[in-house]
2 protein chains.
Amino acid sequence: MTEKKVDSDEVITHPMSEDDGISFEMIELLFFAYRDFVADPDTMLATLSYGRAHHRVLHFVNRRPGITVAALLDILKITKQSLARVLKQLIEDDYIAQQPGETDRRQRRLFPTVKGRELALEISKCQARRIEEALQTLPPETKKASKAFLYAMIEPQGRPTVRSLNHGLEALTVFEPDDSSRRK
Amino acid sequence: MTEKKVDSDEVITHPMSEDDGISFEMIELLFFAYRDFVADPDTMLATLSYGRAHHRVLHFVNRRPGITVAALLDILKITKQSLARVLKQLIEDDYIAQQPGETDRRQRRLFPTVKGRELALEISKCQARRIEEALQTLPPETKKASKAFLYAMIEPQGRPTVRSLNHGLEALTVFEPDDSSRRK
DNA sequence: CAAATTAAGTCAACATTACTGACATATATT
DNA sequence: AATATATGTCAGTAATGTTGACTTAATTTG
């Protein structure tokens, strides 16, 4: 019966700290850095009544024009229903257009419109500016080291996707999984 | 009247790439790394029917036992209402306890219970493990460089808070703003 | 001391983003 | 012809966030 104590007795007053052998600093840096990192896009998109979800869809469609819905779902790790809502709006508002797949006409491939590309670039520029400004104040090797760290923080099975976005390995689930004759 | 073109004409087929002078790689690394970073806590807390919001409240209360509601709102940058909902549950479930402030009895200072501390530590350990595993594979200077980068990514006005969490500058809006006679 | 301010809680209403599960349609594949 | 796949859609629900107005209690200020 010692389970239920008086409130003032069971309370802990000393802070959790690095003494516990845990890198709280890094944990919190990730939290705060990411929070501020997405704040800019959030603000910009709010003027269009769009949210973070719209941004992500717009971004990856611009990074992989012709991406299929399935591949997009795989990147975003959200459900079809969640995607459908924001995608519908983006298409209605002419930021994204659909075209049936040439080889597989069940697919509805997603492409940015000119308007969509402009918006995506505007937002990315804003985020890139924050990154560049942060790096400016630091030694040049910081960028490489940070990239390596963030990359290692990603689940192994997600890493190929990330790489493919930057090195044009388009046949890697993301783009044209049918045209995989070139690799593998 | 050249604004409204046929769909197939106005579509953009080439990917946005680093050629546009923007570091998309870093942007996406932050996105994917953060997504996987919060996935572990999300999973653990889901078993308690808690979400990310609960985690954040629990975390900072453990990092700053005795924190006031106002200071917590300032860290989390959410509204009183959003906080109230999750805080109420955490108190009901005996993860967090309230005590009136000694000098200012309007305040309801928040403390972790033993149960709350245990949960917070468990989650932090999990996140720290991911960080340490990532760093293990990389040169030793990576940690310092990454910390510096993430720190520089935070809005300047938020940086003192981050530092205070790690260096016990408790009198910095976060903890005991009344008892500021000791420093300053 | 009375008035104003502050810390916190509460209520109502609402928006966004996410989820699940079931079902429909068209197209490919076997 | 039967099955599988890609996508869309519907209904219902949950978590998290917002705003604005109001209350209570305690502190500060004129």
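Here is the naming used below: chain letters follow the sequence lines, and residue numbers restart at 1 for every chain.
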Base, backbone or nothing for each nucleotide of nucleotides 12-25 of chain D, written B, S, -, heavy atoms under 4.0 angstrom, 5' to 3'? ----BBBB------
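- Here Arg52(B) pairs with Asp42(B) under the side chain to side chain donor-acceptor pair (under 3.5 Å) rule; sequence neighbours left out.
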Derivation of the side-chain hydrogen bond (donor to acceptor under 3.5 Å, both in side chains) call for Ser82(B) and Thr79(B): CA-CA 5 Å; Ser82(B) 291; Thr79(B) 56; 3.3 Å; yes
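- Rounded to an integer number of Å, the gap from Leu90(A) CG to dG8(D) P is 13 Å.
- Side-chain N or O atoms of Arg63(B) include one that pairs as donor or acceptor with a backbone N or O of Met16(A) at under 3.5 Å.
- For Phe60(B), the ring-ring contact (aromatic ring centres under 6.0 Å, His included) test picks out Phe31(A), Phe32(A), with sequence neighbours left out.
- Here dG9(C) presents its P atom at 11 Å from CD of Gln107(B), a figure rounded to the nearest Å.
- Atoms CZ (Arg109(A)) and P (dA26(C)) sit 21 Å apart, rounded to a whole Å.
- Within residues 35-42 of chain A, no residue approaches DNA chain D, by heavy-atom distance under 4.0 Å.
- One interatomic measurement links the two molecules: CG of Leu73(A) to C1' of dT9(D), which rounds to 14 Å at whole-angstrom precision.
- Nearest-nucleotide assignment on DNA chain C puts the 5′-proximal partner with Leu87(B), out of Gly101(A) and Leu87(B).
- Looking at the side chain of Asp104(B), the nearest of the listed nucleotides dA26(D), dT7(D), dT27(C) is dA26(D).
- The side chain to side chain contact (heavy atoms under 4.5 Å, CB included) with Arg64(B) is formed by just one residue from the set Ile67(B), Val61(B), Asn62(B); it is Ile67(B).
- In this structure Tyr151(A) satisfies the ring-ring contact (aromatic ring centres under 6.0 Å, His included) test with no other residue, sequence neighbours excluded.
- With sequence neighbours excluded, no residue forms a side chain to side chain donor-acceptor pair (under 3.5 Å) with Arg85(A).
- Side-chain contact between Leu165(B) and Phe24(A) is absent, with no heavy atoms from C-beta onward closer than 4.5 Å.
- Rounded to whole Å, atom C1' of dA6(D) lies 17 Å from atom CD of Gln99(A).
- Counting only distance, with no hydrogens or angles, the side chain of Glu18(A) and the backbone of Asn166(B) share no donor-acceptor pair below 3.5 Å.
- Atom CG of Leu76(A) is separated from atom P of dC19(C) by 10 Å (rounded to the nearest Å).
- Close to dG9(C), at under 4.0 Å from its OP1 or OP2, lies a side-chain N or O of Gln98(B).
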